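Just so you know, these numbers come straight off a predicted model, no measurement behind them. Each residue takes its place number in the sequence, starting with 1.
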Amino acid sequence: MYDPPMIPATVSDITLGTDAGSQPDLSPAASSIWIQNLQERLRKLEERTSFTEAVVRQRSAKLLFAGSVSGFLGFFFALLIGVIKERTTGQRDLNGHTFNSTRGYFPSTVSEMVHDPAQPAGKVFFAFCFIGAIFIFFSWYPTQLRNAYIGDDTIACCGLSWITIRQFIPATGMMLLSIITVVPAQQASITDEFCVGLHLLGACMLFVGYFISEAQCIGWGCFKSCMQHKVHESESALRQRAFCLTLIVFFYTIFIVVQVALSVKQLFINKENDDKWGTL
């Protein structure tokens, strides 16, 4: 490391190399020396600026990576705990009776699986997802990483730029998703519907907000025609990111189809094996 250069008192001190209040030395030799000193100071300033920029970008990338891993672990452990619970104690209801289908109740969504923050799945999901959201939010990666920054002049709506939306919408949605849990539809009261609505809003902010922001950033699909910026990314990396967005659309479509198909129970479940919600 090096000490920052002292800033001269006036502009004439920079060009002529004198202290404030003294007569400048106008000789060519003195001027040449101070021009060299000025160039050296500018070089050191440029080095320090580049170093600071590199440190900030590296910190942003590390926070983004840690937050992404933490969010993934939140969903993964919630699913793992749900599977273990179904295979061990899930075949019986609260009265101790075995379900007609001999299969345990398995929630249709992760949100329903982690709805109780007092249960292991709820605790793990909240911890990992909330930590991940904090890391991602404070990484400020839409403004710090060159493969995500597209400039403030690219406006989305209401005077907000796309990088502003990418910074505040997905991470905030992830916080809402982890803090405000849902209540199963069979148990939900009128007031519980507020929590369900806010939870769904958080999910939409996280998933849809990120998807649209990333699609606009790399010019995926319909966003390609209105793309007016250039992303600092290699062609192979852009193809990989576009492929990931395509996978998101593919698997979400499968999710919707399966949810609709499972709602028609007669296609998959015999009447004698149809488990129903009972009373204690």
Side-chain angles (χ1 to χ4, degrees), residues 46-47 49-76 79 110 128-129 131-178 201-258:
E46 184 178 0
E47 289 179 356
T49 303
S50 299
F51 175 77
T52 303
E53 184 180 5
V55 170
V56 171
R57 286 179 177 174
Q58 188 179 51
R59 179 176 58 197
S60 177
K62 290 179 179 179
L63 285 171
L64 177 61
F65 177 77
S68 302
V69 172
S70 181
F72 171 78
L73 291 178
F75 282 86
F76 174 77
L79 176 62
V110 176
F128 279 102
C129 287
I131 291 174
I134 293 295
F135 282 172
I136 294 174
F137 183 85
F138 284 103
S139 70
W140 285 91
Y141 78 95
T143 61
Q144 301 298 332
L145 301 183
R146 288 181 295 180
N147 59 357
Y149 180 72
I150 58 176
D152 288 325
D153 54 345
T154 308
I155 304 301
C157 63
C158 303
L160 297 176
S161 63
W162 279 105
I163 62 171
T164 301
I165 291 179
R166 187 166 190 168
Q167 167 62 29
F168 289 97
I169 297 300
T172 306
M174 193 172 180
M175 295 179 193
L176 284 175
L177 187 70
S178 61
L201 174 63
C204 182
M205 292 171 61
L206 170 59
F207 299 113
V208 179
Y210 167 77
F211 178 85
I212 294 178
S213 299
E214 175 70 358
Q216 197 278 336
C217 177
I218 65 174
W220 180 87
C222 60
F223 290 96
K224 189 173 183 178
S225 59
C226 59
M227 185 176 179
Q228 300 177 353
H229 58 271
K230 180 175 178 59
V231 182
H232 293 274
E233 188 74 280
S234 64
E235 291 296 330
S236 60
L238 288 175
R239 287 193 297 268
Q240 293 172 7
R241 292 167 66 175
F243 178 72
C244 289
L245 290 180
T246 305
L247 284 182
I248 292 176
V249 174
F250 175 75
F251 284 112
Y252 186 73
T253 303
I254 292 179
F255 170 77
I256 296 297
V257 171
V258 171

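In this structure, S60 contributes its side chain and Q144 its backbone to no donor-acceptor pair below 3.5 Å. The backbone N or O of A66 sits nowhere less than 3.5 Å from a side-chain atom of S70 that would complete a donor-acceptor pair. Within the 3.5 Å criterion, the main-chain N or O of L245 finds no donor-acceptor partner in the side chain of E214. Side chain of T143 to main chain of W140: a donor-acceptor pair is present (N/O by atom type, distance under 3.5 Å, no hydrogens or angles). Of the possible donor and acceptor atoms, one in the side chain of S213 sits under 3.5 Å from a partner among the backbone N and O of G209.
Distance check: C217 SG to Y210 OH gives 9.0 Å after rounding to the nearest 0.5 Å. Separating the CZ atom in F51 from the CD atom in E46 is a distance of 15.0 Å, to the nearest 0.5 Å. In this structure, CG in L63 is found 10.0 Å from CD1 in I136, a value given to the nearest 0.5 Å. Note that CD1 of I150 and CD1 of I218 are 11.0 Å apart. Values are rounded to the nearest 0.5 Å. Note that the CD1 atom of I155 and the CG atom of D153 stand 7.0 Å from one another [nearest 0.5 Å]. Between the CE atom of M175 and the CG atom of L206 there is a distance of 11.0 Å, given to the nearest 0.5 Å.
A148 approaches R166 most closely through the heavy-atom pair CB-NH1, 4.3 Å. Across all their heavy atoms, V249 and T253 have their closest contact at O-OG1, 2.7 Å. For the residue pair A171 and A133, the shortest heavy atom distance occurs at O-CB, 3.7 Å.
Residues L79 and V110 have side chains not in contact (no heavy-atom distance under 4.5 Å, counting atoms from C-beta outward). Side chains of F75 and C129 form a contact here, defined as non-hydrogen atoms less than 4.5 Å apart. Between F137 and Q167, the closest side-chain pair of non-hydrogen atoms falls below 4.5 Å.
Salt-bridge annotation for E233 and R241: present, with a side-chain N of the basic residue lying under 4.0 Å from a carboxylate O of the acidic one.
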With side chain to side chain contact (heavy atoms under 4.5 Å, CB included) as the criterion, how do M205 and L177 come out once you've worked through the C-alpha distance, each side chain's angles and the decisive distance to 0.1 Å?
CA-CA 9 Å; M205 292 171 61; L177 187 70; over 6 Å; no
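Side-chain atoms of T49 and T52 form no donor-acceptor pair, as typed in the model, at a separation below 3.5 Å.
Under the 6.0 Å cut-off for aromatic ring centres, F211 and W220 qualify, their centroids lying closer than that.
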